[in-house]
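Notes for the one structure printed next.
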Number of protein chains: 2
Amino acid sequence: MTRILVTGAGGFVGQALVRRLLAGVDALPLTQLVAVDLALDLPAHPRLTQLRGSVADDAVRAQALAAPPDVVFHLAAITSGQAEREFELGLTVNLRATLALFEDLRRQHAATGRTPRLVQTSSIGVFGLPLPPHIDDATPIVPTMSYGAHKRMLEILLADYSRRGWIDGRSPRLPSVVARPGLPNGALSAFASDLIRELAAGRSYESPVDAEGTLWLLSLPACVEALIHAACIDGERLPATRAWTLPSLHVSVAEVVAALMRRFGVEVSQRLSYAPDPAIIPQFARWPSVDTALARSLGFVPDPSLDVLIERCLPGAA
Amino acid sequence: MTRILVTGAGGFVGQALVRRLLAGVDALPLTQLVAVDLALDLPAHPRLTQLRGSVADDAVRAQALAAPPDVVFHLAAITSGQAEREFELGLTVNLRATLALFEDLRRQHAATGRTPRLVQTSSIGVFGLPLPPHIDDATPIVPTMSYGAHKRMLEILLADYSRRGWIDGRSPRLPSVVARPGLPNGALSAFASDLIRELAAGRSYESPVDAEGTLWLLSLPACVEALIHAACIDGERLPATRAWTLPSLHVSVAEVVAALMRRFGVEVSQRLSYAPDPAIIPQFARWPSVDTALARSLGFVPDPSLDVLIERCLPGAA
């Protein structure tokens, strides 16, 4: 039986992950799930403990770890746009809180001998600008924004804790996960979600990215399955880096629009206009081809097609 | 005129750097030099303030930064072997103290608008095992020990502070700097220093590395000049990563011994024996060829020859 801790459990991915875990995953038979976030909107469940607070708060972490977890999904983060605007907050939540969490788990390991599995959501934001023409598992990683810098630092740190046997770490790098709700969450890449969500809902949308823009997309349900799979893999099969880029669909805006037209009718294109934003396009809409051989060898899969991805983005799909 | 702060000023490199700066560097006309370390053994000098304490101590940093520095040489570190044995100490000094120093300087920048230059000593320890057959400026960086992990994290962090204009950072990666005194400093690569120092002093030496062992060597005086040069380069000329591997001599143990024989006579070889240590050789004595094109384009140079390097290693040379 498994005690699971989820940080960032109130977020877009966190909420969906908690609901999926509570619904029952054969490989992770649940004893107790502790969900931590500043704000939580999860339904009551006999196996669920909801802890409202920040993972950066020592007292909150102490409560969250009171019963040593077997598996930790560490999703709490200040994402790209917000981490860029609010540097100190990003540093505190992304870097300091994670370091503190790792240290808590190291001390727990020293006391109990247990080595929990920990899945932390890294990001394709670790690849900085200018992006190389092709990305694979050997591409040098040179972040160029604070968010990507923090994520790369944490990948390196978790690999060291894993090498020492204190934490059995895993750092899957998430691409754009769609379709986020329309609330501003600070992710500069949110336009991919906006595009799909607004057009699917029958509303008009002005895209800040031209039709030639290219993206790496993963649907929310596929992302949740990837995180669960990341927790279930035998640590011995993982590379020493403990980090890998998740498979996703590499598609153009035009291809996404075509898929939306197949699902919702040709009038979708009439509700779409383009107002390309030079501040967004270079970093968030010119993603090169990617070879995720390592992740595929570990059993990770992208959505099977854009049509399936669109279907999975509809309300209630996660 | 220049206010300079040196952390780790009591160490092997730090002491030599402080003496060199006090002797007068045209490009860095000295107003005041603040030297910080737990232990200091520097001569009194009208421009020198000696602060005994740890850079990890908030009060010590506050004193060290009371007059905002123009240039910081951040050398304080727990080196490879000790950081591996004493994880928490390494984390505190290498990672947390540096993060705190960067944050102090960021706040000072917000208050004064000044952007100090900061040279932090990174290390070829950022390259993890197995080492690739050739290393250059595009080699993926995958540290495999805690020391290298911390150093790589700090390179990434300093690049981010530099991009934002808060610190004008520089992270030169030091190879084996020779010849350290015979005190245990925790550096697993110390055998290169032991080899040169003991044989040069007319003593016997049992080498834990075979004659085919290969090393990257830099003499202490050349290292000091490299650090000063790193502080003097115009920030606009630096790459966004703010990090580079310093040029050094790529030599075999046999070549070092041959140079020692040229300087001290053939009897040197009679005082040398080999007892290869399989724990040391893979990580510290199989360094591949290296191309430091970036550093050379910035004006960094290695020692001109092994014979000059040996000469520079003799007592009093720094």
Side-chain angles (χ1 to χ4, degrees), chain A residues 80 83-88 90-92 94-96 98-100 102-104 106-107 109-110 125-130 132 135-167 169 239-244, chain B residues 80 83-88 90-92 94-96 98-100 102-104 106-107 109-110 125-130 132 135-167 169 239-244:
Chain A
S80 55
E84 200 60 20
R85 285 190 305 276
E86 301 178 49
F87 178 81
E88 195 158 354
L91 199 67
T92 296
N94 295 348
L95 199 58
R96 288 199 187 106
T98 305
L99 180 52
F102 290 3
E103 280 292 277
D104 289 342
R106 181 172 71 85
R107 279 186 286 268
H109 170 88
V126 298
F127 299 111
L129 294 180
I135 289 179
D136 61 31
D137 295 316
T139 299
I141 297 170
V142 185
T144 52
M145 287 182 73
S146 297
Y147 178 66
H150 298 160
K151 287 294 182 186
R152 179 56 183 159
M153 292 174 73
L154 295 175
E155 287 182 2
I156 292 170
L157 197 69
L158 185 56
D160 198 45
Y161 279 74
S162 298
R163 176 181 66 86
R164 288 177 176 265
W166 299 327
I167 301 175
T241 60
R242 299 294 179 133
W244 59 86
Chain B
S80 55
E84 199 61 20
R85 286 190 304 275
E86 301 178 49
F87 178 80
E88 195 159 355
L91 198 67
T92 297
N94 295 347
L95 199 57
R96 288 200 186 106
T98 305
L99 180 54
F102 290 3
E103 280 291 278
D104 289 342
R106 181 172 71 86
R107 279 187 286 267
H109 170 88
V126 298
F127 299 110
L129 293 179
I135 290 179
D136 62 29
D137 295 315
T139 299
I141 297 171
V142 185
T144 52
M145 286 183 72
S146 297
Y147 179 65
H150 298 160
K151 288 294 183 186
R152 180 55 184 160
M153 291 173 73
L154 295 176
E155 288 182 0
I156 292 170
L157 197 68
L158 186 55
D160 197 45
Y161 279 73
S162 299
R163 176 181 65 87
R164 288 178 176 265
W166 300 327
I167 300 175
T241 61
R242 298 294 179 132
W244 59 88

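On a predicted model such as this, the values are computed, not experimentally measured, just so you know. All chains are named by letter (A, B, ...) in the order of the sequence lines, taking the proteins before the strands, and each is independently numbered beginning at 1.
Using a 4.5 Å cut-off between heavy atoms, T241(A) contacts chain B through its side chain alone, with no backbone atom that close. Heavy-atom distances place both the backbone and the side chain of L157(B) under 4.5 Å from chain A. For L95(A), the part lying near chain B is the side chain, with the backbone staying farther off; criterion is any non-hydrogen pair under 4.5 Å. For chain B, the nearby parts of E88(A) are the backbone and the side chain; heavy atoms of each come within less than 4.5 Å. Both the backbone and the side chain of A149(A) come within contact range of chain B, judged by heavy atoms closer than 4.5 Å.
D136(A) meets the salt bridge (Lys or Arg N to Asp or Glu O under 4.0 Å) test with no other residue; sequence neighbours excluded. Residues satisfying the ring pair (Phe, Tyr, Trp, His ring centres under 6.0 Å) test with Y161(A), not counting sequence neighbours, are F102(A), W166(A), F87(B).
Of the options E155(B), M153(B), H150(B), a side-chain contact (heavy atoms from CB on, under 4.5 Å) to M153(A) is made by M153(B) and by none of the others.
One distance of note links OG of S146(B) with CD1 of I156(A); it measures 12.0 Å at 0.5 Å rounding. Put simply, CZ on R163(B) and OG1 on T144(A) are 7.0 Å apart, with the number rounded to the nearest 0.5 Å.
Considering all non-hydrogen atoms of both residues, P140(A) and P140(B) come closest at CG-CG, 4.2 Å.
Counting heavy-atom pairs closer than 4.5 Å to chain B, the top residue among R164(A), R152(A), E103(A) is R164(A).
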